[in-house]
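Encoded as structure tokens, the structure appears first; notes follow it.
Note that the coordinates shown come from a computational prediction; the quantities given were computed from them, not determined experimentally. Just so you know, ligand 1 is whichever comes first in the structure, and atom 1 is the first atom listed for that ligand.
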Amino acid sequence: MFNDLIIYQIYPRSFKDSNNDGIGDLKGIIEKIPYLAELGINAIWMSPIYASPNDDNGYDVSDYYSIMNEFGTMEDFDLLKKTCDKYNIKIIMDLVMNHTSDEHKWFKEARKSKDNPYSDYYIFVDNHNKEPNNWESCFGGSAWEYVKERDQFYLHLFSKKQPDLNWDNPKMRKELYQMIQFWIDKGVQGFRIDAISYLKKPEGFPNSPFEEDKFGHAKCMKFIAGNLKTHQYIKEMCETLFIDKNIFTVGEVTATSDEDIKQYVLKDNHEFSAIIPFVPPIVEIHQNKPIDLKKRIFKMYDLIKDQGYIANFLSNHDKPRQVSLYGNDQEYLKDSSKALASLMHTLPGIPFIYQGEEIGMSNVYYENIEDYNDLDTLNIYHKSIKEGKSKEEAFKLAQIISRDNARSPMQWDDSLNAGFSSCSPWLKVNPNYKDINVKQQIGDPDSVLNYYKKSIHLRKNNPCLLYGDLKEVKTSDDVISFTRTYQNKIVLVIISLTSKELPYDFNFKENDILLTNKEFKKGVLLPYQALIVNLKTGK
Ligand code: GLC
Ligand code: CA
């Protein structure tokens, strides 16, 4: 039912600025819908566009019913919806419901006293003069913040401007469901549901027994994630709002085990259509070898098969750029961007393209810490210095893992600020925009952009790629290879993720190649070569 979805993630702040204030906006998105239709995608997921003071760039919502001032108005949203309808593009909204902004009216009321109507919408705990337990916020420091008016601490698993909602309160849940219904009534066809594994906090708020992991990241998150009650709340929400209405949902989850993954996504459990497992960037840079990627892919398929949808993504607004992480963003930028595209569009599940990946945008590596905006980056930088790293070392780490790598403005052309805005953007453009931009690639048949178009077209028109079973073909560690089989037809996929040439012994003819990113040389896989081949079945 969702097999043919191809989702394009927009980070609205960085996509296209229509009124030249340096910040992307809804009118900018509207302007680029024809470009996206031409690319071949059929759904957009926008990172949050609700009113927000932007402590965490929109992931701190102060009003779910209105559009962030900088992004435009509700009229702009309605026009965006109309435009998307015209091009048969679905709209997927980001839902942030683990927490709100501390500037949301519920929290402003709640913090005033223990006996106001919203006092139980958040998690407040009595504990004089001392944090209730050892939980740390994902963005550094204690997860508890003291409120004098109530003489209590409130919980914030993310920044202190993102207080956690109390899902044990049925009135609060009902208000959230009404809010979701408001967006369904506006015609939204899907939701990406943010940080959803932490709804139910362990009873009594015990200390997390987890040791600080070697990356120092949010040690209490796995302790809190995915308990029985959280799954019950997710199920209640999905059954109330999505399941019977054919509304697509993708939950961003912290998976604690294989069983936990299945619980979230297998159809019969009535939770999500698909999941995005969250892995901190700092962990990923240690696990980005082709062999790691390969293991993850086949393991996920083994768990889910056709009983749910796998979200195929290598990039998003929380990760370094995929070509920098899994490819080679120097010598083989173009080839490796295309190889990764081939992978995404031939696997079972739903491809998620993150803005800019379709032209091979790579990490930015700004020169000064002041150039970075992301609060996670700044936290990691300062924390590393506190722990004894030199400024240079701390900066290097921040540069590699920064979420701003993926958040620098979209590169539309080679004019000032990459055609994103005529005014200085909220985050600097990547200086490589003169060479890597949409305008230049549209006219170049050999460009990454045109290869994306071909890959998407192939996927949409090939039943093996849409519905086929997946089977791993064992090859060298640096090559990912598999077949997709559907109704006696087989497609073979071979993707090299190394800058070395490798021999291979698959037997097929040049004529059977459906798509490749390099010239064909029998018996040899060129660096970052992808081959997608029709296998003859004799029938
Ligand atoms: C998710 C979002 C991330 C945000 C966090 C808190 O992980 O993807 O960008 O910072 O939740 O809402
Ligand atoms: Ca703007």
Side-chain angles (χ1 to χ4, degrees), residues 9-32 45-50 52-62 67-73 76 93-102 104 137-140 143 156-165 191-199 217-218 221 225 250-255 275-281 283-284 311 313 315-320 352 354 373-380 401-407 409-410 417 419-427:
Q9 183 192 350
I10 294 176
Y11 196 69
R13 221 176 168 70
S14 304
F15 192 57
K16 173 70 189 157
D17 176 16
S18 73
N19 61 346
N20 294 312
D21 61 355
I23 298 171
D25 45 57
L26 295 187
K27 284 211 172 90
I29 299 176
I30 295 171
E31 188 185 318
K32 296 298 180 185
W45 146 31
M46 290 176 289
S47 282
I49 58 172
Y50 316 98
S52 163
N54 283 306
D55 185 53
D56 188 19
N57 287 352
Y59 285 92
D60 46 324
V61 178
S62 54
I67 302 292
M68 192 190 299
N69 281 337
E70 292 153 323
F71 289 175
T73 61
D76 295 336
M93 293 284 275
D94 214 312
L95 275 177
V96 191
M97 298 184 297
N98 175 73
H99 44 268
T100 66
S101 162
D102 65 340
H104 192 287
S137 135
C138 252
F139 297 142
H156 61 90
L157 293 179
F158 295 88
S159 96
K160 67 174 180 214
K161 286 186 66 62
Q162 293 168 298
D164 280 52
L165 284 164
F191 296 94
R192 179 269 187 189
I193 304 179
D194 186 67
I196 200 68
S197 297
Y198 320 111
L199 301 183
H217 235 81
M221 300 310 265
V250 52
E252 186 212 26
V253 307
T254 294
I275 50 166
I276 296 176
F278 179 77
V279 183
V283 175
E284 288 204 67
F313 66 97
S315 300
N316 61 39
H317 65 291
D318 291 332
K319 286 165 59 95
F352 282 68
Y354 178 69
N373 165 279
D374 170 31
L375 79 172
D376 188 46
T377 311
L378 301 175
N379 172 44
I380 285 165
I401 61 148
S402 177
R403 306 195 295 181
D404 285 338
N405 282 315
R407 298 178 180 186
M410 179 71 185
N417 301 321
F420 163 74
S421 173
S422 62
C423 143
S424 168
W426 71 279
L427 189 66

**Request:** Start with the C-alpha gap between E252 and N316, add the side-chain angles, then the distance that decides, and say whether side chain to side chain donor-acceptor pair (under 3.5 Å) holds.
**Result:** CA-CA 12 Å; E252 186 212 26; N316 61 39; over 6 Å; no
**Fill in**
F420 and G24 have their tightest heavy-atom pair at CZ-N, 3.5 Å
**Asked** When you check the space around the Ca ion (ligand 2), which protein N, O or S atoms turn up under 3.0 Å?
**Response** D17 OD1, N19 OD1, D21 OD1, I23 O, D25 OD2
**Item:** Name of the residue among Y11, F15, F352 meeting ring pair (Phe, Tyr, Trp, His ring centres under 6.0 Å) with H317
**Value:** Y11
**Message:** Has S421 got a side-chain atom pairing as donor or acceptor with D17's backbone, closer than 3.5 angstrom?
**Reply:** no
**Item:** Pair E31-S18, side chain to side chain donor-acceptor pair (under 3.5 Å): steps then yes or no
**Value:** CA-CA 8 Å; E31 188 185 318; S18 73; 5.7 Å; no
**Prompt:** Which one of D56, D102, D60, D55 satisfies the salt bridge (Lys or Arg N to Asp or Glu O under 4.0 Å) criterion with K161?
**Reply:** D102
**Prompt:** Without hydrogens or angle criteria, can the side chains of Y59 and D94 be said to hold a donor-acceptor pair below 3.5 Å?
**Reply:** yes
**Request:** Answer with yes or no whether the side chains of Q162 and N98 bring together a donor and an acceptor at under 3.5 Å.
**Result:** no
Write none if no such pair exists; otherwise list each N/O atom of ligand 1 with its protein N/O partner under 3.5 Å and the distance.
from	atom 1	to	atom 2	distance (Å)
ligand 1	7 (O)	E252	OE1	3.1
ligand 1	7 (O)	E252	OE2	2.7
ligand 1	8 (O)	R192	NH2	3.0
ligand 1	8 (O)	H317	NE2	2.8
ligand 1	8 (O)	D318	OD2	2.5
ligand 1	9 (O)	H317	NE2	3.0
ligand 1	9 (O)	D318	OD1	2.7
ligand 1	9 (O)	R403	NH1	3.4
ligand 1	10 (O)	D56	OD1	3.4
ligand 1	10 (O)	D56	OD2	2.5
ligand 1	10 (O)	R403	NH1	3.1
ligand 1	11 (O)	D194	OD1	2.9
ligand 1	11 (O)	D194	OD2	3.1
ligand 1	12 (O)	H99	NE2	3.0
ligand 1	12 (O)	D194	OD2	2.8

**Request:** Scan side-chain atoms only and decide if D374 and S402 contain a donor-acceptor pair under the 3.5 Å cut-off.
**Result:** no
